[in-house]
Amino acid sequence: MKVAKFGGSSVANATQIKKVGEIINSDPERKFIIVSAPGKRDKDDFKMTDMLIKMGTAYINNENYEKFYSIVVERFKDIIDDLELSSSLMMEIEQSIKTILAQDVNPELKMDSIKAIGENNNAKIISAYLSKIGLTARYINPQDAGIIVSDEPGNAQILPDSFTKMYALRDEEGILVIPGFFGYSEEGKLVTFSRGGSDITGSIVAAGVQASLYENFTDVNSVYTVNPTIVDNPKEITVLTYKEMRELSYAGFSVFHDEALIPAIKAKIPVCIKNTNNPQAKGTLIVAEREVNEQCVSGIASDTGFCSLYVSKYLMNREVGFGRKLLNILEDEEISFEHAPSGIDDMSVIIREHQLTPEKEDIVIKRINDELHPDTVSLQRGIAVVMVVGEGLVNTIGVAQKATAAFSNANVNIDMINQGSSEVSMMFGIQAVDIDKAIRSLYKAFFE
Ligand code: ASP
């Protein structure tokens, strides 16, 4: 039994939904179907969820929400008409949106119910369409499916009991279409996951029903070895481990929602990224373990938007607790850190830049000066992180040499290097302006 999740672009209009129908029809093991809200039909289009948020915000603030409401309703109507489904379904959808808007609940809960309109109704439409093409399919509400979550609007977390209940879904007859992106609290309130959270639903259901495979259908053939906007036609990755995927998506491979893989990983469910527009393509398989071949590096990821907090103090290595005190200051100011490469007398802490507003920067630097009495403390912005990722790193000699030669060939200065003992990745900190040439040079070194 497989779980197949279809992302926003895969269910954006009737043409796409027909492709989804064919995909489901072509494999009887595809029993659990998770759907997103209609996404962008082209690059200038809007996502239904964004429109719903605008509608909800206007409604809650007593502003003119009707224009957004019409756009939402029109979008569903187009899909229903083009799929030649019954107009009573459209009436049902319109009525349910009106009921949600009129509900007398606090604004946060109302907003979550509004945000879920996209997924919930798309699931109803898709199950009606699957029935129309002759499949035994039905819509199932996340509450009935057993997706019970914490009561944190916009950031729900799955509760462990959900998984046991979900296993019983295996015995249900036919195909079950489940809307992604939301669950219900123990008190029965609708609560959404964070944005992009249909991936989370897919992963939860895959773990709950102990699926043989979690297929995540999107609009790319596979995960690529580097960002295709930097290198033309980069090689595709056929197999990755969970760890490699995590390292790559950490630094800019936005294939998955960050948290999404956790339930699938814990349950050791293999995950496959597939293309709705080209389902014949093999896709990328993500598994717990893989055989490492002579290609020791799987992918090269990069991301900008980092800064480096540099602290130096003579004899730092002998000062017990220095690192803890430094990190404590960051903790007090609610700043998380990404990496902390250190030397004998200095330490750099790499932080996502958005967390360090100029005001926060002043506070942090002042506290470091007052409490740790360093020789120097400074903050450098505009740092990019490059991750060279691969399970094969641990047993291969000369990867760092090859990587540093690639940076040097591109005339790029390395500000920092970090490699943990797990050796699944090697991190390089460079100036953000150098990112494209560095990535091209690394690609050449490892993949051409
Ligand atoms: N529709 C939701 C969003 O745009 C969830 C998803 O598509 O995964 O965030």
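Numbering starts at 1 and runs along the sequence shown. For ligands, and for the atoms within them, numbers begin at 1 and follow the listed sequence.
Ring-plane geometry between Y59 and Y65 is classed as perpendicular, the angle between the planes exceeding 60 degrees on a 0 to 90 degree scale with a lower cut at 30.
Within the structure, ligand 1 lacks G180 among the residues with a heavy atom less than 4.0 angstrom away. At least one heavy atom of G196 sits less than 4.0 Å from an atom of ligand 1.
The shortest distance between side-chain heavy atoms of R352 and F306 falls below 4.5 Å. Side-chain atoms of I237 and Y224, non-hydrogen and from C-beta on, never get closer than 4.5 Å to each other. No side-chain heavy atom of F428 sits less than 4.5 Å from a side-chain heavy atom of M416.
Using a 4.0 Å cut-off to heavy atoms of S198, the atoms of ligand 1 that qualify are 5 (C), 6 (C), 7 (O), 8 (O). Less than 4.0 angstrom separates some heavy atom of S36 from each of these atoms of ligand 1: 6 (C), 7 (O), 8 (O).
The closest non-hydrogen atom to atom 3 (C) of ligand 1, taken over E119, M48, R195, K115, comes from R195.
In terms of polar-atom proximity, T49 is counted as a contact of ligand 1, with an N or O under 3.5 Å from an N or O of the ligand.
Panel note: side chain E108, backbone P153; no donor-acceptor pair is recorded below 3.5 Å.
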